[in-house]
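Working notes, beginning with the structure itself.
As a basis for the values below, the full set of heavy atoms in this structure was taken, side chains included, without hydrogen atoms, waters or symmetry mates. These numbers were taken from a predicted model, which means no experiment stands behind them.
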Amino acid sequence: MAIQETTAALADPLRRRVLDLLEQGGMEAGRLAEKLGMTPSKLSYHLRKLKEADLIVGHKQGTRVIYELNLSVLDSTIQWLYRLRTSASDKRSLPEPQTVNKETGATAVSES
């Protein structure tokens, strides 16, 4: 799954609350809606967005659908964020280029 879909799904605070609840274990939509204080129809929109981003999966148990976390898709997002973060940190920690004045021997930061 693309990083864009994952981050878009995670951008909504209600969807993050759904993920927090599912961290405790699988749950059906009615129970999730009850815990979130919302109607199942309003919750279904957010569940659909989380499913589209592959952050949750639904398993049928008889007539019920139990939703569970599927956080393996976060791996590529975490790797991208980590690479971005470490790359930015590495660039900031590099010493600025310096030049040596041939006449005085003094060093100065180069302006590039």
Side-chain angles (χ1 to χ4, degrees):
M1 181 54 47
I3 293 169
Q4 182 174 342
E5 285 85 2
T6 303
T7 55
L10 293 172
D12 187 282
L14 182 68
R15 292 185 205 132
R16 291 193 306 268
R17 287 179 54 206
V18 169
L19 296 177
D20 287 340
L21 287 171
L22 292 177
E23 185 180 17
Q24 301 165 13
M27 205 175 298
E28 58 185 304
R31 182 76 174 128
L32 281 168
E34 180 183 306
K35 286 187 171 264
L36 293 166
M38 62 188 326
T39 63
S41 61
K42 183 176 178 185
L43 177 63
S44 69
Y45 169 80
H46 295 285
L47 292 174
R48 188 176 79 243
K49 291 295 185 182
L50 289 168
K51 285 191 288 187
E52 288 171 357
D54 287 336
L55 289 167
I56 63 171
V57 293
H59 300 286
K60 279 207 149 216
Q61 287 186 351
T63 59
R64 304 178 324 160
V65 177
I66 305 297
Y67 293 97
E68 296 178 335
L69 292 177
N70 177 33
L71 298 181
S72 61
V73 298
L74 287 178
D75 291 342
S76 60
T77 304
I78 291 167
Q79 289 171 354
W80 176 77
L81 288 169
Y82 180 77
R83 189 176 65 246
L84 180 67
R85 178 67 179 111
T86 56
S87 174
S89 292
D90 291 346
K91 288 177 183 171
R92 285 189 207 145
S93 64
L94 290 175
E96 295 197 31
Q98 296 182 349
T99 58
V100 176
N101 184 319
K102 292 181 185 177
E103 295 175 15
T104 65
T107 59
V109 174
S110 298
E111 292 188 27
S112 306

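Two residues are said to be in side-chain contact when any heavy atoms from C-beta on lie closer than 4.5 Å; Lys49 and His46 fail this criterion. In this structure, the side chains of Asn70 and Leu55 stay at 4.5 Å or more apart for every pair of heavy atoms. A heavy-atom distance below 4.5 Å is not found between the side chains of Val73 and Thr77. Leu22 places none of its side-chain heavy atoms less than 4.5 Å from the side chain of Leu50. Glu52 places none of its side-chain heavy atoms less than 4.5 Å from the side chain of Glu5.
The OG1 atom of Thr6 lies 11.0 Å from the CH2 atom of Trp80; values are rounded to the nearest 0.5 Å. The distance from the CG atom of Leu47 to the NZ atom of Lys42 is 12.5 Å, given to the nearest 0.5 Å. Atoms CZ and CG, on Arg17 and Leu32 in that order, are 11.0 Å from each other to the nearest 0.5 Å. Atom CZ of Arg16 sits about 7.5 Å away from atom CG of Leu10, to the nearest 0.5 Å. Note that CD1 of Ile56 is 11.5 Å distant from CE of Met27, once rounded to the nearest 0.5 Å.
Contact detail for Ala9 and Ala53: the closest heavy-atom pair is CB-CB, 3.7 Å. Between Gly58 and Tyr67 the shortest heavy-atom distance is CA-CD2, 3.9 Å.
With hydrophobic clusters built from ILVMFWY side chains whose heavy atoms lie under 4.5 angstrom apart, Leu69 shares a cluster with Leu14. Cluster membership for Leu74 and Tyr82, using ILVMFWY side-chain heavy atoms within less than 4.5 angstrom, is not shared. At a threshold of 4.5 Å between side-chain heavy atoms, the hydrophobic network of Ile, Leu, Val, Met, Phe, Trp and Tyr places Met38 and Leu21 in one connected group.
For the salt bridge (Lys or Arg N to Asp or Glu O under 4.0 Å) condition, the pairs that include at least one residue of residues 21-39, sequence neighbours left out, are Glu28-Arg64, Arg31-Glu34.
Qualifying side chain to side chain donor-acceptor pair (under 3.5 Å) partners for Thr63, counting only residues two or more places apart in sequence or in other chains: none.
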